[in-house]
Amino acid sequence: DCGLDEILRFQAENREWSKQLRMRTATLVNNRLAKSVSQDDYLASRKTIHEDTTECRARANILDAQIARHSSLVSHSR
């Protein structure tokens, strides 16, 4: 079981990963629009980014639930 500080650190890391994924998506779309990436490479990269984004969102949901649980434990212990 993680402490709240560790959970918050994981949340910050996950938010940074989410930001990087959004930047990768924007760069990929711009490269495709500029025709510097083939359709096949674009689709393969989009698939990978989509899978990573799904994992990132799942982690965010888990972390949010853990933060809520910690908050509930703290409020009940008062």
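Along the sequence shown, the residues carry numbers beginning at 1.
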Got a donor-acceptor contact below 3.5 angstrom from the [X] side chain to the [Y] backbone?
| X | Y | value |
| --- | --- | --- |
| Asn30 | Ala26 | yes |
| Ser72 | Ala68 | no |
| His70 | Asp5 | no |

Gap separating the [atom1] atom of [X] from the [atom2] atom of [Y], nearest 0.5 angstrom:
| X | Y | atom1 | atom2 | answer |
| --- | --- | --- | --- | --- |
| Arg46 | Asp41 | CZ | CG | 14.5 Å |
| Leu28 | Leu21 | CG | CG | 12.0 Å |
| Ser45 | Asp40 | OG | CG | 10.5 Å |
| Glu55 | Asp52 | CD | CG | 8.0 Å |

- What do the steps show when you test Thr25 against His50 for side chain to side chain contact (heavy atoms under 4.5 Å, CB included), and what is the final call? CA-CA 9 Å; Thr25 298; His50 177 73; over 6 Å; no
- Task: Decide side chain to side chain contact (heavy atoms under 4.5 Å, CB included) for Val29 and Tyr42; before the verdict, give the C-alpha distance in whole Å, the side-chain angles of both, and the deciding distance to 0.1 Å.
- Result: CA-CA 8 Å; Val29 168; Tyr42 171 79; 4.0 Å; yes
- Task: Taking atom CZ of Arg9 as the centre, report whether more than 12 heavy atoms of other residues, nucleotides or ligands fall under 6.0 Å from it.
- Result: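 It does: Arg9 CZ has more than 12 such atoms within range.
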- Message: Taking side chain to side chain contact (heavy atoms under 4.5 Å, CB included) as the definition, give me every residue that meets it alongside Gln39, ordered by chain and number, with sequence neighbours left out.
- Response: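 Counting only residues at least two positions away or on another chain, Gln39 forms a side chain to side chain contact (heavy atoms under 4.5 Å, CB included) with Arg32, Leu43.
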Under a 4.5 Å cut-off applied to non-hydrogen side-chain atoms, are [X] and [Y] in contact?
| X | Y | answer |
| --- | --- | --- |
| Thr48 | Arg24 | yes |
| Asn14 | Cys56 | yes |
| Gln66 | Leu4 | no |

- Query: If two hydrophobic side chains count as joined below 4.5 Å and joins carry through other members, does Met23 share a cluster with Leu33?
  - Reply: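 Hydrophobic grouping puts Met23 apart from Leu33.
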- State which residues pass side-chain hydrogen bond (donor to acceptor under 3.5 Å, both in side chains) with Ser36; sequence neighbours excluded, sorted by chain then number.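 Listed in chain order: nothing, the list is empty.
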- Message: My understanding is that only residues two or more places apart in sequence, or in another chain, count here; which of them pass side-chain hydrogen bond (donor to acceptor under 3.5 Å, both in side chains) with Thr53?
- Response: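 None.
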- Message: Quick one, Arg59 with Trp17, criterion side chain to side chain contact (heavy atoms under 4.5 Å, CB included). Give me CA distance, side-chain angles, the key distance, then yes/no.
- Response: CA-CA 11 Å; Arg59 288 181 188 186; Trp17 185 30; 3.7 Å; yes
